[in-house]
Amino acid sequence: MDIRTRIRDGDRAAFGELFDECSKAVYNHAFRLTANWSTAEDVTALTFLEAWRLRGRIDPDGGSLRPWLLGIATNVTRNMRRAARRHDDALARLPRGESVPDFADEVVGRIEDAERLAAVRAAYGRLRRQEQDVFALCVWAGLDYAQAAEALGVPVGTVKSRLSRARRKLAAAGEPPPPDRQVVGDHGPRPTWETR
């Protein structure tokens, strides 16, 4: 019996195997989307919790479940951002007290890749949400067009056009280029760009 069928049937050992195989990819994807280690850990945990809840929807046919998990992680991240915005809006309505300096940003500033990540995140933030999703899955997570299409539930052609638009916008804005990651079907090298 294959792992998809075992997980659909509620086999905890099979789900553990899936976690062992894909948790690092999910974490790296979440970190690139959030630029925060702690939040990426939360996204990873919630992704696997949601995957277990949705296990009955797994298509019995197919290859790796990694694209499915990365699609869930993308949605979990979006929901967490929405909740954080609501929280921030609620805090903004509270009376202001005396401000206390936050030294966390100073500590984060010492991390070697913080400036590069900030530049990439700023450029990424100017893309439309659909372009962000495709860019994160294809460029950062290394999925090919078909896997990204599966993760997002859109046609392969839509993935290609969104990724092309995202790359054009980043180049036109004169932003630092993203890591030279290529998706399958593109030309050129695929150096690794791991976060952990």
Taking Arg8 for its side chain and Ile58 for its backbone only, find out whether a donor-acceptor pair lies under 3.5 Å.
yes
Nearest heavy-atom neighbours spanning Trp68 and Ala51:
CH2-O, 3.4 Å
Shortest non-hydrogen pair, Phe48 vs Phe15, comes out as O-CZ, 3.2 Å
Trace of the side-chain contact (heavy atoms from CB on, under 4.5 Å) decision for Val139 with Leu163
CA-CA 9 Å; Val139 177; Leu163 183 58; 3.9 Å; yes
What heavy-atom pair brings Gln132 and Leu127 nearest, and what distance separates the two atoms?
NE2-O, 3.3 Å
Note: Pro67 and Ser64 closest approach over all heavy atoms is CD-O, 3.4 Å
Going from CG on Asn36 to CD on Glu41, what distance comes out if it is rounded to the nearest 0.5 angstrom?
9.0 Å
Asp144 side chain vs Ala146 backbone, donor-acceptor pair below 3.5 Å
yes
Start with the C-alpha distance between Gln130 and Val154, add both sets of side-chain angles, then the distance that settles side-chain contact (heavy atoms from CB on, under 4.5 Å), and finish with yes or no.
CA-CA 10 Å; Gln130 295 89 350; Val154 298; over 6 Å; no
Using a 4.5 Å cut-off on heavy atoms from C-beta on, say whether the side chain of His29 contacts that of Thr74.
yes
Looking at Leu137, Asn75, Thr158, Leu143, which hits side-chain contact (heavy atoms from CB on, under 4.5 Å) with Leu152?
Leu137
Nearest 0.5 Å, what's the CG-CG distance between Leu49 and Asp42?
12.0 Å
Determine yes or no for a side-chain-to-main-chain donor-acceptor pair under 3.5 angstrom, with Thr47 supplying the side chain and Val43 the backbone.
yes
If you measure from CZ on Arg129 to CD on Glu131, what distance do you get to the nearest 0.5 Å?
11.0 Å
Parallel, tilted or perpendicular, judged at 30° and 60°: which one describes the rings of Phe31 and Trp37?
parallel
Rounded to the nearest 0.5 angstrom, the CG-CG distance for Asn28 and Leu33 is 11.0 Å
Ignoring hydrogens, what is the shortest heavy-atom contact between Pro60 and Asp2? Give both atom names and the distance.
O-OD2, 3.7 Å
Straight-line distance of Arg55 CZ to Arg53 CZ, nearest 0.5 Å
10.5 Å
Got more than 12 heavy atoms from elsewhere within 6.0 Å of CZ, Arg12?
no
Atom pair CG/CD of Leu70 and Gln147 - distance to nearest 0.5 Å:
9.0 Å
Side-chain contact, heavy-atom cut-off 4.5 Å: Leu69 with Leu18?
yes
Closest approach of Val159 to Cys138 (non-hydrogen atoms, all atoms of both residues)
CG1-SG, 3.8 Å
Passing option when Asp133 is tested against Arg32, Arg78, Arg162 for salt bridge (Lys or Arg N to Asp or Glu O under 4.0 Å)
Arg78
Within the 3.5 Å criterion, strictly below it, is a donor on Thr77 or Arg81 matched to an acceptor on the partner's side chain?
no
